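Working notes, structure below.
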Amino acid sequence: MDATDMGSDLKEVLISAEDMDRRLEELAAEIDRDYAGKEILLVGVLRGAVMVMADLSRKLHSPLQMDWMAVSSYGSGTKSSGVVRILKDLDQDVNGRHVLIVEDIIDSGLTLSWLQKNLLTRGAASVEIATAMRKPRAAKVDVDVAYVGFEIPDEFVVGYGLDYAEKYRHLPFVGTLAPHVYQ
Ligand code: PRP
């Protein structure tokens, strides 16, 4: 899917596929440096993180394993409450592992704050976070994010894993939707 397939539904491209690729290359180099001599357990948070997990992992040279979690935040509509329910847990034991959580976006920061603490209580040797995008309000929550691709404005974005009503996840870029799509 590309911009032409979206027609008038696309308002603006915020992050092009090329810019995302370049930035992930930089993050991967940083991660390889920071984890030298260690094996990484990449933990992708379904479903939005599928694209960044696939792209970032293939740019890493460090030895790594991958696992997946699915979580759901209790809350009304689009607002997450910080209370998280595990829908699919990890298949691997994180005890003693160097975990790097991979996310598409951090919005309120509540999901990641909870997840980071949860994995540390399971005995992970370290738990860091890599996210393709971060919105400004995430800064208000006490969550330490080691690797951020792009700081983005507080707008509803789609593409590169992010959906609107389950659509647009397969857009190669990140963009905003025209108002008529919601109305
Ligand atoms: C998104 C994103 C994070 C979470 C971040 O997932 O992938 O997991 O929201 O929000 P927060 O910082 O406000 O806690 P979403 O719940 O939309 O599920 P999805 O990945 O399946 O689309």
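First listed ligand is number 1; within each ligand, the first listed atom is number 1. Please read all numbers here as calculations on a predicted model, not as lab measurements.
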Quiz item: Would you call Glu39-Arg97 a salt bridge at under 4.0 Å N-O?
Solution: yes

Quiz prompt | Numbered atoms and elements of ligand 1 in range of Thr111, under 4.0 angstrom, heavy atoms | solution = 4 (C), 10 (O), 11 (P), 14 (O)

Quiz item: Between Asp163 and Arg47, is there a salt bridge with N-O shorter than 4.0 Å?
Solution: no

Quiz item: Is the shortest side-chain N to carboxylate O distance from Glu30 to Arg33 below 4.0 Å?
Solution: no

Exercise. Could you tell me whether ligand 1 has any atom less than 4.0 Å away from a heavy atom of Gly109?
Key: yes

Practice problem: Would you mind running through ligand 1 and noting each atom that sits below 4.0 Å from a heavy atom of Asp104? | Solution: 2 (C), 7 (O)

Quiz item: Any idea which atoms of ligand 1 are less than 4.0 Å away from a heavy-atom of Ile105?
Solution: 2 (C), 3 (C), 5 (C)

Quiz item: Can you find an N/O atom of Arg47 closer than 3.5 Å to an N/O atom of ligand 1?
Solution: yes

Quiz item: Which is closest to atom 22 (O) of ligand 1 by heavy-atom distance: Arg169, Glu103, Met69?
Solution: Arg169

Quiz item: Which atoms of ligand 1 have any heavy atom of Leu46 under 4.0 Å away?
Solution: 20 (O), 21 (O)

Quiz item: Asp104 pairs by side-chain contact (heavy atoms from CB on, under 4.5 Å) with which of Val174, Val45, Leu162?
Solution: Leu162

Quiz item: If you measure every N/O of Gly48 against every N/O of ligand 1, is any gap under 3.5 Å?
Solution: yes

Quiz prompt | Atoms of ligand 1, numbered as shown, that sit under 4.0 Å from any heavy atom of Asp163 | solution = 22 (O)

Quiz item: For atom NZ of Lys88, is the number of surrounding heavy atoms from other residues, nucleotides or ligands below 6.0 Å larger than 12?
Solution: yes

Quiz item: Sequence neighbours excluded, which residues qualify as side chain to side chain contact (heavy atoms under 4.5 Å, CB included) partners of Asp5?
Solution: Met1, Asp2

Self-check item: Per-atom contacts, ligand 1 versus Ser108 - under 4.0 Å to a heavy atom
Solution: 11 (P), 12 (O), 13 (O), 14 (O)

Exercise. Can you sort out the partners of Lys117 under side-chain hydrogen bond (donor to acceptor under 3.5 Å, both in side chains), two or more places apart, ordered by chain and number?
Key: Ser113

